[in-house]
Amino acid sequence: MEWIFRGDQPIYSQLIQQIKQGIVSGQLPPGGRLPSVRDLAMEAGVNPNTMQRALQELEREGMVYSQRTAGRFVTEDMQRIESVKRAFAAEHIRLFREGMAGLGYGREEILALLQEEKEENDGDSGM
Amino acid sequence: MAILECKGLSKRFKYVTALDQVNLCIEPGRVVGLLGPNGSGKTTLIKLAAGLLTPTEGEILVNGQAPGVESKAIVAYLPDRDFLPGWMKVEQMLSFFGDFYEDFDADKAREMLTRLGINPKQSFKTMSKGTREKVQLILVMSRKAGLYLLDEPIGGVDPATRDFILDTIIRNYNPDAAVVISTHLIADVEQVLDEVIFLQQGRVALQASVDSIREEQGKSVDQYFREVYRC
């Protein structure tokens with residue numbers, strides 16, 4: 001996974017977002033075992049305590065679970081994963097609409113543009 | 001118990017007050033950034049903790065004791081300049097550290113040196129600046145100490161070396177030990193820190209966790225620092 005951090009938010013909340021992103025995108029598959037806290041911290045280049053805090057929060061939210069000796073695993077609850085995925089999609093849509101509104105486009109115009117884009121691409125790819 | 005504690009700590013030299021009534025506490029398991037502009041007292045504080053200077057006033061305690069023979073056995077100190085003689089070869093450094101420090105793990109040091117492709121026959125003076133810094137850091141971090149004091153470990157190294165240094169700090173993380181890193185290059189180390197201590201003209205201007213600063217200020221510690229110290 002690629003880890004990118006912004007300056008204006010706490011690091012632990014960005015870790016939570018990025019691990020969730022990994023889970024909903026399937027990069028971290030359901031039921032898959034997560035690397036150790038130290039290895040994840042090294043991979044992300046962050047403090048191990050911060051990584052630990054992020055994983056504990058993900059555990060509370062039910063996105064990962066611990067097995068006492070075996071380590072931490074990604075949840076197998078597909079509904080849970082799907083609902084997080086939906087929430088991410090809703091956020092992308094909100095940002096997109098904000099951006100388009102900034103250009104002066106209303107809802108109907110946006111839909112028309114999307115439709116237009118779809119037809120063009122359908123034509124190109126022959127789908 | 002705190003691994004490092006300062007109570008009303010002051011250090012005055014003939015014409016300057018380097019530290020002025022410093023109170024602070026560092027717990028085991030924390031990676032702490034000691035931040036401040038040049039001349040704010042970072043190196044003085046580290047030298048006091050390492051037992052190289054004595055306080056003018058107040059106390060500094062390492063694991064509950066004033067710095068001395070016992071504290072030096074648990075403090076791993078990386079000075080801000082070269083501390084090994086030029087003629088010394090890597091192999092000799094390993095036995096030198098092994099002789100001095102009971103907690104030195106020569107195998108661990110060898111493993112890290114091999115990973116960097118450093119030849120054990122090479123002498124200190126023939127190494128580049130970056131390699132010298134890496135070798136010295138490896139020696140210091142290969143001790144199983146209770147308190148690591150790293151004075152400017154990333155000043156003047158290239159980005160790959162900086163990454164190696166930060167990686168080494170994370171890799172060697174131990175919940176029973178604290179790591180203090182002094183630097184003015186905050187953006188580079190921010191992600192590996194639990195908390196920061198801002199020094200300003202010999203006083204503690206702030207001690208807070210990195211994420212609490214980001215949460216409350218909505219900006220990185222680096223940006224916040226630039227505002228606090230705007231000239």
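All chains are named by letter (A, B, ...) in the order of the sequence lines, taking the proteins before the strands, and each is independently numbered beginning at 1.
Qualifying ring pair (Phe, Tyr, Trp, His ring centres under 6.0 Å) partners for Phe104(B), counting only residues two or more places apart in sequence or in other chains: Phe97(B).
With 3.5 Å as the limit, one finds a donor-acceptor pair spanning the side chains of Ser220(B) and Gln223(B). No donor-acceptor contact under 3.5 angstrom links the side chains of Gln18(A) and Gln14(A), judged on distance only.
The heavy-atom pair separating Pro30(A) from Val74(A) by the smallest distance is CA-CG1, 3.9 Å. When all heavy atoms of Ser182(B) and Pro153(B) are compared, the closest pair comes out as O-CD, 3.6 Å.
Of all residues spanning residues 59-72 of chain A, none has a heavy atom less than 4.5 Å away from chain B's heavy atoms. Contact annotation for residues 76-107 of chain A against chain B (heavy-atom separation below 4.5 Å): no residues qualify. Scanning residues 35-58 of chain A against chain B with a 4.5 Å non-hydrogen threshold yields Arg38(A), Ala41(A), Met42(A), Ala44(A), Gly45(A), Val46(A), Asn47(A), Pro48(A), Asn49(A), Thr50(A), Arg53(A), sorted by number.
Contact of Leu193(B) with chain A is made through the backbone alone, with heavy-atom distances under 4.5 Å. Residue Val210(B) touches chain A through its side chain alone, counting heavy-atom pairs closer than 4.5 Å. Phe5(A) touches chain B through its side chain: at least one heavy atom from C-beta onward sits under 4.5 Å away, while N, CA, C and O do not.
Under the 3.5 Å distance criterion, the side-chain polar atoms of Gln136(B) are matched with a main-chain donor or acceptor of Phe83(B). Within the 3.5 Å criterion, the main-chain N or O of Thr131(B) finds a donor-acceptor partner in the side chain of Ser128(B). Side-chain N or O atoms of Tyr101(B) include none that pairs as donor or acceptor with a backbone N or O of Ile74(B) at under 3.5 Å.
For NZ of Lys144(B), the number of neighbouring non-hydrogen atoms (other residues, nucleotides, ligands) closer than 6.0 Å is 12 at most. Crowding of Gln115(A) atom CD: a count of heavy atoms from other residues, nucleotides or ligands under 6.0 Å exceeding 12. Within a 6.0 Å radius of CD in Glu227(B), more than 12 heavy atoms belonging to other residues, nucleotides or ligands are found.
Here Glu133(B) contributes atom CD and Arg162(B) contributes atom CZ; the two are 13.0 Å apart, rounded to the nearest 0.5 Å. Here the CE atom belonging to Met93(B) is positioned 9.0 Å from the CG atom belonging to Leu113(B), to the nearest 0.5 angstrom.
Using a 4.0 Å cut-off between a side-chain N of Lys or Arg and a carboxylate O of Asp or Glu, Arg132(B) and Asp82(B) qualify as a salt bridge.
With a 4.5 Å cut-off on side-chain heavy atoms, Val90(B) and Ile118(B) count as touching.
When the candidates Asp194(B), Val221(B), Asp167(B) are compared by the number of heavy-atom contacts under 4.5 Å with chain A, Asp194(B) comes out ahead.
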